[in-house]
S.K.: 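One structure follows; several queries about it will come next.
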Amino acid sequence: MSRSASAAAARGACFALSPRTFQRRLAEAGTTWRDAARRDRAERPLRDSDIPVQSIAAQLGYTDARTLRRAFRRWNGQSPDIFRRTPGA
């Protein structure tokens, strides 16, 4: 089993789903497990700290903040900066 397949299996197990069902549900939602993990890892510091978006982008492996901003807008329909300012985000 590849590293990515085992990671998907572990994530699926958290939701009591088989790896294939988990991947299928993510595909129905228009995302992948890798995008879902990156989304979670981006939202947490935006919500809980003042770390600059550029630093968060670097931590997540993006080449620059613009790439993270585009992905974040695709995931949430708003920029990371607006997400950060939104109460209860």
S.K.: Between L68 and A42, which heavy-atom pair has the shortest distance, and what is it?
M.R.: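 Closest pair (atom of L68, atom of A42, distance): CD1-CB, 4.2 Å.
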
S.K.: To check you understand the geometry: which heavy-atom pair defines the closest contact between S79 and F72, and what is its length?
M.R.: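 Shortest heavy-atom contact: C-CD2, 3.8 Å.
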
S.K.: Got a sec, which residues hit side chain to side chain contact (heavy atoms under 4.5 Å, CB included) with S49, two or more places apart in sequence or on another chain?
M.R.: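 In terms of side chain to side chain contact (heavy atoms under 4.5 Å, CB included), with neighbours along the sequence ignored, S49 is linked to P45, I51, R84.
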
S.K.: With R20, which residues qualify under side chain to side chain contact (heavy atoms under 4.5 Å, CB included), at least two apart?
M.R.: S18, Q23, R24

S.K.: Between F83 and R47, is the side-chain contact (heavy atoms from CB on, under 4.5 Å) condition met? List the steps.
M.R.: CA-CA 8 Å; F83 177 85; R47 189 175 38 246; 4.0 Å; yes

S.K.: Please check if the side chain of R38 supplies one atom and the backbone of L60 the other of a donor-acceptor pair under 3.5 Å.
M.R.: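 Between the backbone of L60 and the side chain of R38 there is a qualifying donor-acceptor contact (under 3.5 Å).
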
S.K.: Any pair with a residue in residues 39-60 that passes ring pair (Phe, Tyr, Trp, His ring centres under 6.0 Å), sequence neighbours left out, goes on the list, sorted by first then second residue, please.
M.R.: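 Non-adjacent pairs meeting ring pair (Phe, Tyr, Trp, His ring centres under 6.0 Å): zero.
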
S.K.: Would you name the heavy atoms of R41 and Q59 that are closest together and state the gap between them?
M.R.: NH2-O, 3.4 Å

S.K.: D35: what forms a side chain to side chain contact (heavy atoms under 4.5 Å, CB included) with it, not counting sequence neighbours?
M.R.: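 So D35 forms a side chain to side chain contact (heavy atoms under 4.5 Å, CB included) with T31, T32, R74, W75.
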
S.K.: Surrounding CG of D48 (heavy atoms of other residues, nucleotides or ligands, distance under 6.0 Å), is the total greater than 12?
M.R.: yes

S.K.: Would you say the side-chain atoms of T86 pair up with the backbone N or O of I82, donor to acceptor, closer than 3.5 Å?
M.R.: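 Yes, because the side chain of T86 sits within donor-acceptor range (under 3.5 Å) of the backbone of I82.
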
S.K.: With distance as the sole test, does D64 use its side chain to make a donor-acceptor pair with the main-chain N or O of R66 at under 3.5 Å?
M.R.: yes

S.K.: Apply side chain to side chain contact (heavy atoms under 4.5 Å, CB included) to R69 and list each qualifying residue two or more places apart in sequence or on a separate chain.
M.R.: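 Listed in chain order: V53, A65, P80, D81.
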
S.K.: Test of understanding: with salt bridge (Lys or Arg N to Asp or Glu O under 4.0 Å), list the residues that count as partners of R25, not counting sequence neighbours.
M.R.: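 None.
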
